[in-house]
Each structure stands twice: as structure tokens, then as C-alpha cells.
Amino acid sequence: MSRAGTSAVRMYKSSVGVPDENRQAIVALLNARLADSVDLRSQVKWAHWNVKGMHFIQLHELFDSVAAHLEDQTDTIAERLVALGGVANGNNPRSRSEERIERSRLNCRGRASQLKWLVHNVAHHADALRTAVKEAGDLGDDITVDVFTTITRELDKDLWFLEAHLQA
Ligand SMILES: [Fe+2]
């Protein structure tokens, strides 16, 4: 995995048993996923507030449910990395060079375009977590693998709920 951004990162002593030589890289991995989780939660809330149209209440409530899941997931990721001795800053060292969460549609209008935008971003976040499952495994941290796996499974279900609205 990329270890960019893992140098000069403040760490606290932690007795949680992960390979010490990988601790900083695991924390960086968690912080990168934390950044996307925080971003995505605020975007889904934006959709919850601004949805219009005939399906208003259905989508208003669905978006709020997805946002609530993201809030719990964000907390789980942050607390895992703090338990490992890290500082939860939601910093994603790859965010400047790689397209991740798409922000350009914050002014999008209409049910279908809002849903397509959210489906894109939830899928992107879930896929990054799927990759992180493998990376955490390679770093010898099975518990973070479990955290990422559980969150990916939850996101895949929310993705289904969102995407079904776009299918005939
Ligand atoms: Fe609300």
C-alpha cells in the first residue's frame, strides 16, 4: 500500500496488539477512510435537506437513514485509529492527487441526478474500503480488517437501497 503521509505523524503509546512497525501505516489507512466517511455523511445530509419532488418523504427518510449509518461508521473508524495510538484527523494524503468523493454536484437538481451522484459516491467509498480490507490484512491487523469488512457490508446494502430507485 502507499505509505505517503505516514511520516512525522503524532502517535501515542498504545498497548493494542498490532505489529508496531505497521502501526503508523494502519492509522494512516484508517484516517484516509475516515476522511471519505466524514465527507460522504455531510453530502448525504445535504441531499436529505434539499430533496424535492413527488418522492420527497421517501427519499428524505432514506437519505437520513444512510447518513445515520455513516455517522456510526465514522465514529467506529475514528475510535479504532485512536485505540491504536493515532490521532483522528480525517486526513487523506491521496485526496489531492486522486479523484475520490465527487463534490461537483452539490448544486444538482432533481431526484435522479441526486441519486446518481449519491450512488457514485457511496460506491466509491465502499470500493475504497474493499481495497482497505486487503491493505489492513497485509499490515497484519485482522481487527481493522473486521471493521472495514463490516462497514463495507453496510454500505453495500445502502447502495442497493439507493440504486434500486434508478432501476426499472
Ligand atoms: Fe433531518
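Both ligands and their constituent atoms are indexed starting at 1 by order of listing. All figures in this text were calculated on a predicted structure; none of them were measured in a lab.
Residues H48 and E61 bring no donor and acceptor atom of their side chains to less than 3.5 Å of each other.
Between the side chain of N31 and the backbone N or O of N89, at least one donor-acceptor pair lies under 3.5 Å.
Within the protein, the number of N/O/S atoms found under 2.8 Å from the Fe ion (ligand 1) is 1.
Electrostatic pairing of R80 and D146 does not count as a salt bridge here, judged by no charged N lying under 4.0 Å from a carboxylate O. A salt bridge links R33 to D36: at least one charged side-chain nitrogen sits closer than 4.0 Å to a carboxylate oxygen. Salt bridge absent: R23 and D141 never bring a charged side-chain N and a carboxylate O closer than 4.0 Å.
In terms of heavy-atom proximity, V27 sits nearest to G86 at CG1-CA, 3.8 Å.
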